[in-house]
Amino acid sequence: MTAKAAKARQRGSDAEPTKTIVLVVYEGCQSLDVTGPWEVFSKANTYCQEAGRPAPYRLLLASPEGGPITSNSGLQLGPTTALAAVRGVIDTVLVVGGNDDVLEQPGSVPKVVPWLQRRVGQVRRMGSVCTGAFALAAAGLLDGRRATTHWQYCERLAALYPQVMLEPDAIFVADPPLYSSAGITAAIDLSLALVEADLGQALALQVARNLVLFLRRPGGQSQYSAGLQAQTQASRAEQAGQGGSSSERRLAALLLWMVEHPAQDLSVATLAERAHMSERHFARLFQSETGQTPARFVEALRLDRAKSYLEQNAWPLERVAQRAGFGSVDSLQRSLKRHAGITPQQYRQRFSSPKG
């Protein structure tokens, strides 16, 4: 480290941090839900100090009883501060996720829910990682608000807390002052977004590059792609073998073909004919097997392809739209704006792969 950098770090370390970030953990929590956000905020501190600025964040690990806790992978975390012993002004609270049975029922983690209820009016931001959303929902904080969680637990969250306006596809959802993110790595996306809001895009990009996160995903981006869903469907059909119907096997093969040919005619009539089904039966089976309509699936796979082109190529938008199957730039713009909240130009600017 240079003398200049050392002096800058010393100036930063002498200053009082301005924002306290509390990560709420407990026995059986997911370790990556903790370490991901912790690394993001910690790296932000490092870059600010190296630039001669005070460290913007004070990081605090808190648990219901305090002391060390053991994650669901067996990794021990701590020591932690007991929730009741947390003092001072808190800027941001993030409740991490964990084992299936840890946070899903009200009262399953004593002291967490009432602490959240007391603190929500005293903090600037409160959020969740993965199944941490169950704690926010149990506290009534997500009633009438947009939120998300890991795709695997969306149905359960919706059943337990129907007042939550669930967005099951989103990487993370910002409904200030409440924030929620999907599973594991999505916590890093949310944390980067919070750092960007606090300290600017340039510093957030520094952190992302340091953590080898070249593509920072926007909150509206889907948790998993249409291509992955098609592969999953094909795998299920293969595993079913003779146990699955011929219609199901034909649909699985068709899904894979659709992903590889987004610019083809993917209307219901054409797809039904290709699958050797009536349009009515095809539409019913498609909805039953994939959980969405053919039109929604087609838009998702075309958007996946367009994003890939925008990330990897400098093609004109007209070519991107045509190769992805949208047909027109206007159609591409409307779809990306609806699902990610940004334009194709903004997406390319933020998420294109570094060259060289």
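Position 1 is the first residue of the sequence, and the numbers go up from there.
Using modelled atom types, no side-chain atom of Arg302 and backbone atom of Arg323 make a donor-acceptor pair closer than 3.5 Å. With hydrogens and angles ignored, the 3.5 Å screen pairs no side-chain donor or acceptor of Thr92 with any backbone N or O of Arg125. The closest donor-acceptor contact from the side chain of Ser331 to the backbone of Gly327 lies at 3.5 Å or more, if one exists at all. A donor-acceptor pair under 3.5 Å is absent between the side-chain atoms of Arg250 and the main chain of Arg274, judged by distance alone. The closest donor-acceptor contact from the side chain of Arg280 to the backbone of Met277 lies at 3.5 Å or more, if one exists at all. Distance alone, capped at 3.5 Å, places no donor-acceptor pair between the Ser191 side chain and the Val40 backbone. Between the side chain of Asp175 and the main chain of Arg146, a donor-acceptor pair closer than 3.5 Å is present. Put simply, the side chain of Trp115 gets close to the backbone of Leu83: a donor and an acceptor are under 3.5 Å apart. Looking at Gln333, its side chain never comes within 3.5 Å of a backbone N or O of Thr343 through a donor-acceptor pair. In this structure a side-chain-to-backbone donor-acceptor pair under 3.5 Å is present from Ser180 to Thr148.
A 6.0 Å sphere centred on CZ of Arg296 holds no more than 12 heavy atoms belonging to other residues, nucleotides or ligands. Atom CD of Glu155 is surrounded by 12 or fewer heavy atoms from other residues, nucleotides or ligands within 6.0 Å.
Contact check for Leu271 versus Leu266: side-chain heavy atoms found under the 4.5 Å cut-off. Between Val123 and Pro177, the closest side-chain pair of non-hydrogen atoms is not below 4.5 Å. For the pair Glu311 and Lys307, the minimum side-chain heavy-atom distance is below 4.5 Å. The shortest distance between side-chain heavy atoms of Pro68 and Leu77 does not fall below 4.5 Å. Counting heavy atoms from C-beta outward, Tyr57 and Val195 have side chains that approach closer than 4.5 Å. No side-chain heavy atom of Glu279 sits less than 4.5 Å from a side-chain heavy atom of Glu273. Taking the side chain as every heavy atom from C-beta outward, Ser42 and Leu59 approach each other to under 4.5 Å. Taking the side chain as every heavy atom from C-beta outward, Leu203 and Arg53 approach each other to under 4.5 Å.
From Leu194, atom CG reaches atom CZ of Arg124 across 8.0 Å, with rounding to the nearest 0.5 Å. Here SG of Cys29 is found 9.5 Å from CG of Leu23. Values are rounded to the nearest 0.5 Å. Residue Thr290 holds its OG1 atom at 7.0 Å from CZ of Phe297, rounded to the nearest 0.5 Å. Separation of atoms CZ (Arg334) and OG (Ser328) is listed at 6.0 Å; rounding is to 0.5 Å. We find the CG-OG1 distance between Leu75 and Thr70 to be 8.5 Å, quoted to the nearest 0.5 Å. Annotation: the span from Leu94 atom CG to Asp33 atom CG amounts to 10.0 Å, rounded to 0.5 Å.
Glu299 and Ser335 get closest at one heavy-atom pair: OE2-OG, 2.8 Å. In this structure, Gly67 and Thr80 approach most closely via the heavy-atom pair O-OG1, 2.6 Å. In terms of heavy atoms, Ala137 sits closest to Val164 at CB-CG2, 4.3 Å. Of all non-hydrogen atoms in Ala275 and Leu254, the two that sit nearest each other are CB-CD2, 4.0 Å. Listed here is the closest heavy atom pair of Asn72 and Gly98: ND2-C, 4.1 Å. Nearest heavy-atom pair, Glu167 versus Val173, reported as atom, atom and distance to 0.1 Å: OE1-CG2, 3.7 Å.
Between Tyr179 and Phe172, the distance separating the two ring centers is not shorter than 6.0 angstrom.
A single hydrophobic cluster is not seen to contain both Ile69 and Val129; linkage of ILVMFWY side chains at heavy-atom distances under 4.5 Å, directly or through other members, places them apart. Residues Leu285 and Val268 share a hydrophobic cluster, clusters being chains of Ile/Leu/Val/Met/Phe/Trp/Tyr side chains in contact below 4.5 Å. Linking Ile, Leu, Val, Met, Phe, Trp and Tyr residues whenever their side-chain heavy atoms come within less than 4.5 Å leaves Met165 and Leu157 in two separate clusters.
Between Tyr161 and Phe134, the angle of the ring planes goes over 60°, which puts this pair in the perpendicular group of the 30/60° scheme.
The list of side-chain hydrogen bond (donor to acceptor under 3.5 Å, both in side chains) pairs with a residue in residues 252-270, not counting sequence neighbours, reads Trp257-His261, Asp265-Ser267, Asp265-Thr270, Ser267-Thr270.
Lys19 and Asp198 are not joined by a salt bridge, as no carboxylate oxygen comes within less than 4.0 angstrom of a charged side-chain nitrogen.
With 3.5 Å as the limit, one finds a donor-acceptor pair spanning the side chains of Arg119 and Gln122. Using a 3.5 Å distance cut-off with no hydrogens or angles, the side chains of Tyr47 and Asn210 do pair a donor with an acceptor. Donor-acceptor pairing under 3.5 Å is recorded for the side chains of Gln312 and Ser308. There is no side-chain donor-acceptor pair under 3.5 Å between Tyr26 and Glu65.
The side chain to side chain donor-acceptor pair (under 3.5 Å) test applied to Lys337 returns no partner, not counting sequence neighbours.
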